[in-house]
Amino acid sequence: MKRLWLAGIVIVAFAALGMLPPWRMESAPNACSGLFFSEYVEGSSNNKAVEIFNGTGSAIDLVAAGVAVEFYFNGSTSAGRTITLTGTITQNDVFVLAHDSLSALADQSRGGTWFNGNDALILKSGGIVLDSIGQVGVDPGISWGTQSISTAENTIRRKSSIGGGDKNPNDPFDPANEWDGFDQNTLDGLGSHTAICSSVGTNNTPTFTPTTADLPTDTPTSTPTPTATDTPTSTPTPTPFPAGIALNEFMAAPASGSSEYAELFNANAFPVDVSGWQIDDSEGGSSPYTIPAGTSIAAGGFLLVERSFGFNNDGDSVRLLGPDGVVRDSHSYTSNPGVGVAWSRFPDGSGPWQTGSTSSPNGPNPPPPTATPTATPSPTSTITPTPTPIPGGVALNEYMAAPAFGDEYVELFNTNPFPIDLTGWQIDDIEGGSSPYTIPAGTSIAAGGFLLVERSFGFNNDGDSVRLLGPDGSVRDSHSYDSNPGVGVAWSRYPDGSGPWQTGSASSPNGPNPPPPTATPTATPSPTSTITPTPTPIPGGVALNEYMVAPAAGDEYVELFNTNPFPIDLTGWQIDDIEGGSSPYTIPAGTSITAGGFLLVERSFGFNNDGDSVRLLGRMAACAIAILMTRIPALAWPGHAIRMAPASGIPILKPAPAIPIPRRLRPRPRHLPPRPQLRSLPGFC
């Protein structure tokens, strides 16, 4: 665990030992409570971490408390990855969870897919939300926040005045309200946190109240005291529990990768403390779940608990019990409404139970759909019902098994002239491999449309199978490969949904696949004497067009322009600063620049702001190389891009557009500018 200095005096020993001190507890501002995120790092490459602060006032066994961090990628409403925490956080200390690249600074580290600036994070304990970063179900594009106080390529730290987490992951998120921002890859504060708290764990401040109970008397007396007549003691009245707390929605048969959940609703105009209340299935079934101390539901608000309650899919009861064990609300069902289908009520907390509406955990329930009147059918003889056929025409169309960055993906294509409901369909690798991914309820694919699913499917790079399964488990389409086509190279088919599989075309996720490149026929050469082969020349016409050496926010960038009327393969080309400076950046395999098009590369190239060179190198440094070089003026200042003048090729300064620049490598169309000056050295690769 990491060392923490807590600004404030915390008194918790009496409560930990079960003894009550001689004071009463009253509400006070800025008190620390529970576990919450105290630092977030979204650095370059895999430099990613979160720090969690323990403000409960006592040590926490993370395994026993069921503490986990969930990642919600690209606006998804389902967790794309969950990391369960192990170990212990002592009181007023922090716990660092990091990618393996920062394992030296971490209490726990994991490899694999991590969050980017547009992904939401949730901290949970026993299925209850303790804190959140970002807004679940929303993709902000690049990040939440702006400049250094944002979730993309920055470090942000919780302000010392903040004493608790954001327990509503669905509300708008602006980090400037509770966080301070720092430059990318700022790691010096990771492992410690300062919190100015008036108390810890109870959100209360001790106020001393005089008491005479059990205190010895110093003045002796020999005068006998008459015995007073006993006053009959009345039976104490039990503490009443407020009405208006009800079951509102629950999921008994979640889709693969999701958890059961139960949602409570508070119909009162005031918050209600639900500490010690229980959620249970049928009497005598699984052990009930007890809501932790300090949990309350806001006025007119919701409480979502995600965990395994042991609800039986084919029939059970869901019960809400008060702290006294009395049943406060319940609902019983006798059949399975379907995988991923929730039971809910409308209006919230009081209406009838139904399964026809879309699930809405931690939010208001929508009204049930309006039924279309059905004419009374004429009596007919009873026949054996025919199972609903699974429609054909939905096929695997493209997939990426070895991505250069981001997640694996699978694209489906609907060849039908009508939409298809894909609820319960599955995407899987080879039979007996990783667990299949189940497409959520309510997902459909448009007529002649595409459906892109981005996640970690567990495809093996050196050989595996990709299978599309119907809701009945039958294989509807599949493709197997026995070698790695290359990092960042997709398998696709042309025409869409029916053509042969190939890897020669550019990837086109969520869109039509281009035809494979046309091979140029090679004439059979006449026998000649053996001569030294002439290397393929490096094509000209690709030039530096714009670059940023002192960005106001985000990374440096370099833009290339192709003056040719045909595309150019830039595999192995390099972007570098002055010879002998920083290490050059090599453009990945399969990268091309379209005819008359642009290619934008955003990263830290190591350009010196007070003078340097920007160079475009041909595909192999061991060969003679084509070089386009321009000198960085010493007058460059933050937020100004350097572009090529129309005729002279001399760098000029122009203000950069005041828009965020996406963090990815991509072509971008523009109006065709005058051709910059290109200088090529003799030689070929």
Side-chain angles (χ1 to χ4, degrees), residues 40-49 69-83 98-102 110-121 133-134 136-144 150-154 184 257 396-412 427 429 434 437 450-461 464 466 484-492 503 505-511 513 554-555 557 571 585-592 599-604 660-668:
Y40 164 100
V41 176
E42 210 278 305
S44 60
S45 186
N46 286 320
N47 289 344
K48 302 174 191 288
V69 176
E70 296 179 345
F71 300 160
Y72 291 75
F73 300 124
N74 304 318
S76 174
T77 56
S78 299
R81 185 178 189 188
T82 300
I83 300 178
H99 191 277
D100 285 343
S101 63
L102 295 178
R110 288 287 186 276
T113 302
W114 274 63
F115 55 80
N116 290 320
N118 65 335
D119 300 326
L121 280 68
I133 297 174
V136 171
V138 173
D139 186 346
I142 298 176
S143 67
W144 285 278
S150 75
T151 54
E153 299 182 337
N154 288 302
Q184 186 183 28
L396 296 167
N397 197 48
E398 182 177 331
Y399 64 88
M400 176 72 72
F405 52 86
D407 281 336
E408 299 169 345
Y409 69 77
V410 171
E411 176 194 82
L412 308 181
I427 299 171
D429 62 348
S434 303
Y437 167 76
F450 303 87
L451 178 69
L452 182 68
V453 182
E454 298 178 275
R455 69 187 307 274
S456 175
F457 293 99
F459 298 147
N460 294 322
N461 295 351
D464 209 335
V466 181
N484 187 346
V487 174
V489 179
W491 284 95
S492 62
T503 61
S505 298
S507 60
S508 58
N510 216 26
N513 292 334
D555 280 336
Y557 67 80
T571 298
Y585 167 75
T586 302
I587 296 176
T591 304
S592 64
L599 183 71
L600 182 67
V601 183
E602 298 167 273
R603 70 186 306 273
S604 176
I661 301 172
R663 294 184 304 111
R664 58 183 182 271
L665 180 70
R666 63 178 179 85
R668 59 173 188 173

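Donor-acceptor pairing under 3.5 Å is lacking for the side chains of E42 and Y40. No side-chain N or O of N461 forms a donor-acceptor pair with one of N484 less than 3.5 Å apart. Donor-acceptor pairing under 3.5 Å is recorded for the side chains of S508 and E398.
Judged purely by atom type and a 3.5 angstrom limit, N154 uses its side chain to pair as donor or acceptor with the backbone of A152. Using a distance-only test at 3.5 Å, with no hydrogens or angles considered, no donor-acceptor pair links the side chain of T503 to the main chain of A490. D100 contributes a side-chain N or O that, together with a main-chain N or O of G111, makes up a donor-acceptor pair within less than 3.5 Å. A distance-only check finds no donor-acceptor pair linking the side chain of S45 to the backbone of N47 [under 3.5 Å].
Taking CG of N116 as the reference point, atom CG of N74 lies at 7.5 Å (rounded to 0.5 Å). Taking CZ of F115 as the reference point, atom CD of E70 lies at 14.5 Å (rounded to 0.5 Å). Atoms OG and CD1, from S434 and I427 in turn, are 13.0 Å apart once rounded to the nearest 0.5 Å. Atom-to-atom distance recorded for N513:CG and S507:OG is 9.5 Å, nearest 0.5 angstrom. A distance of 12.0 Å separates CZ of F457 from CG of D464, quoted to the nearest 0.5 Å.
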List the steps and the verdict of ring pair (Phe, Tyr, Trp, His ring centres under 6.0 Å) for F459 and Y409. CA-CA 10 Å; F459 298 147; Y409 69 77; 9.8 Å; no
Using the side chain to side chain contact (heavy atoms under 4.5 Å, CB included) rule, take F73 and E454 through it: C-alpha gap first, then chi angles, then the decisive distance, then the call. CA-CA 9 Å; F73 300 124; E454 298 178 275; over 6 Å; no
Quick one, R603 with Y585, criterion side chain to side chain contact (heavy atoms under 4.5 Å, CB included). Give me CA distance, side-chain angles, the key distance, then yes/no. CA-CA 9 Å; R603 70 186 306 273; Y585 167 75; 3.2 Å; yes
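In this structure, the side chains of I83 and W114 come closer than 4.5 Å at one or more pairs of heavy atoms. Side-chain contact between I142 and N118: absent, with no pair of heavy atoms (C-beta onward) separated by less than 4.5 Å. In this structure, the side chains of L451 and E411 stay at 4.5 Å or more apart for every pair of heavy atoms. When side chains are defined from C-beta on, D429 does not count as touching V466, because their heavy atoms never get closer than 4.5 Å. Inter-residue side-chain proximity for L396 and L412 is flagged as met; some heavy-atom pair is nearer than 4.5 Å. Using a 4.5 Å cut-off on side-chain heavy atoms (C-beta onward), Y72 and L121 make no contact. Residues R81 and S456 form no side-chain contact, since every pair of their non-hydrogen atoms from C-beta on lies 4.5 Å or further apart. Within the 4.5 Å cutoff, side-chain heavy atoms of Q184 are placed close to those of E153.
Summarising the geometry of D119 relative to W144, their closest heavy-atom pair is O-CZ3, 3.5 Å, with the distance given to 0.1 Å. Nearest heavy-atom pair, S101 versus N46, reported as atom, atom and distance to 0.1 Å: OG-O, 2.6 Å. The shortest heavy-atom contact between L102 and A49 is CD1-CB, 4.2 Å. Here the shortest heavy-atom pairing between A79 and T82 reads CB-OG1, 4.0 Å.
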